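Each chain gets a letter, A, B and so on, in the order its sequence line appears, and its residues count up from 1. These numbers were taken from a predicted model, which means no experiment stands behind them.
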Amino acid sequence: MAQNMVFENVWLDKGKYDDAERIYYEGKAK
Amino acid sequence: MVSGTLYTYPENCRAYKALIAAKYASANVKVDTSFVFGETNKTEAFLRKFPSGKVPAFESSDGKCLQNGDAIAYYVANEQLRGKTDLEKAQILQWICFAESEILPASCAWVFPILGIVQYDKKTFDRSKEDVKAALGILNTHLLTRTYLVGERISLADITVACNLLHLYTHVLDPNFRKPYVNVNRWFTTMVNQPNFKAVAGEVHLCAKVAEVDP
Amino acid sequence: MVSGTLYTYPENCRAYKALIAAKYASANVKVDTSFVFGETNKTEAFLRKFPSGKVPAFESSDGKCLQNGDAIAYYVANEQLRGKTDLEKAQILQWICFAESEILPASCAWVFPILGIVQYDKKTFDRSKEDVKAALGILNTHLLTRTYLVGERISLADITVACNLLHLYTHVLDPNFRKPYVNVNRWFTTMVNQPNFKAVAGEVHLCAKVAEVDP
């Protein structure tokens, strides 16, 4: 079962992008 | 009543959503046992119906083709699962998006390295635990006063969120980690013990000792 | 007819989905101009209504609270946008999930380093271009024989996919890169030139020269 999940493309580093986007737009808001 | 064939590899949590919804809606959905992941979904015939080659994929008896576990679950579901009012339907969509964007990435970033599916990366691994805590925190607050996520009965929201939590609860949420999330634990245990859920996902054993990754 | 207040920072493609849907459905959705991202969404009052603190967030005039751009767009939409049949509704959900899981990650991985939002990483950057090609390829095949993604009229599927493609088409899909995707270009140009789309997203200028990241 686990080997099948290798093909699942999941956004594993989504948290990094969420943070970066938040910081970017918070900066713009300021 | 919808009927048709589901193409997936075994133990695919995304496929569980459709199969569980079908149980509640008494839709006749059969898993194609001749399907071989990595072969069947690369054939011309399959790609003509399902261009991305991804599973789960569903073909109804009258020839309609759908991909994506949540979309298939919606199609085979009934009105109760889909939500009765516009607000309930919007809330269900909100939880589907929450399951896919707040739970799934964090779940895979934590569990996949342990299962050896992806390379261990300390920063991503540690970050995923924080994201899981944040998601469980939101669920726990929401479920303090609620039995189900939307309205007073089980819906696609419960099914999709519970399925996206399966890997976490079975591999890494040991008693110590999950202790603060009393309401989520109650709700999740109720969900996985529903006959229609158990018929698809089988006996769900909550993690007793968190599996560690071998860096 | 739904009415209410939307909380978001300016130029938020996720919020555009709700605002464009509201235009089509003549729903009265006002953006709270006093909202300051990073401040308002961290206040107790905001977090009580919107626990994750994320935007876009919507509060209807009768006090209903929703988060997530697609869920809010659904709530303020009308029957045409939501899909008329169960199959159309399932297909719309399929495209919403496609936009969020196949387009958005690749768009962020390609555009964010160029905008200086995240650190440049060659492997991720190069991989994102392949993922964008794959997503555009699927869209292009689908749109060969179709004007809109689902059924014969614009729906939430078109709105969500078009909004998730905005960054790509304006920052990095230069004429050379987008040349093979004739049907997507046709569909996207039609979308962004719809009065209701333009009223929200303004004039959309397709990328003339791909912006390069400064490694």
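For Ile92(B), no part sits under 4.5 Å from any heavy atom of chain C, backbone or side chain. For chain B, no part of Ile72(C) is nearby; none of its heavy atoms comes within less than 4.5 Å. Within the 4.5 angstrom heavy-atom criterion, only side-chain atoms of Ile138(B), from C-beta onward, approach chain C. Using a 4.5 Å cut-off between heavy atoms, Glu100(C) does not touch chain B at all. Heavy atoms of Lys89(B) lying under 4.5 Å from chain C belong to its backbone as well as its side chain.
Among all heavy-atom pairs drawn from Leu81(C) and Ile154(C), the shortest one is CD2-O, 3.8 Å.
Checked options Tyr181(B), Phe197(B), Tyr169(B); the residue passing with Phe188(B) is Tyr169(B) (criterion: ring pair (Phe, Tyr, Trp, His ring centres under 6.0 Å)).
Side-chain contact annotation: Asp131(C) with Trp110(C), donor-acceptor N/O pair under 3.5 Å absent. Asn164(B) and Lys17(B) share a donor-acceptor pair across their side chains, judged by distance under 3.5 Å alone. Checked by atom type, the side-chain pair Ser52(B)/Gln67(B) shows a donor-acceptor distance below 3.5 Å.
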Between Trp95(B) and His142(B), does the ring pair (Phe, Tyr, Trp, His ring centres under 6.0 Å) criterion hold? Intermediate values first, please. CA-CA 11 Å; Trp95(B) 286 111; His142(B) 186 79; 4.8 Å; yes
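Among the candidates Val2(B), Leu87(B), Asp70(B), Asn68(B), the residue making the largest number of heavy-atom pairs closer than 4.5 Å to chain C is Leu87(B). Highest contact tally toward chain B, considering only Leu104(C), Asp86(C), Thr141(C), is held by Asp86(C) [criterion: heavy-atom pairs under 4.5 Å].
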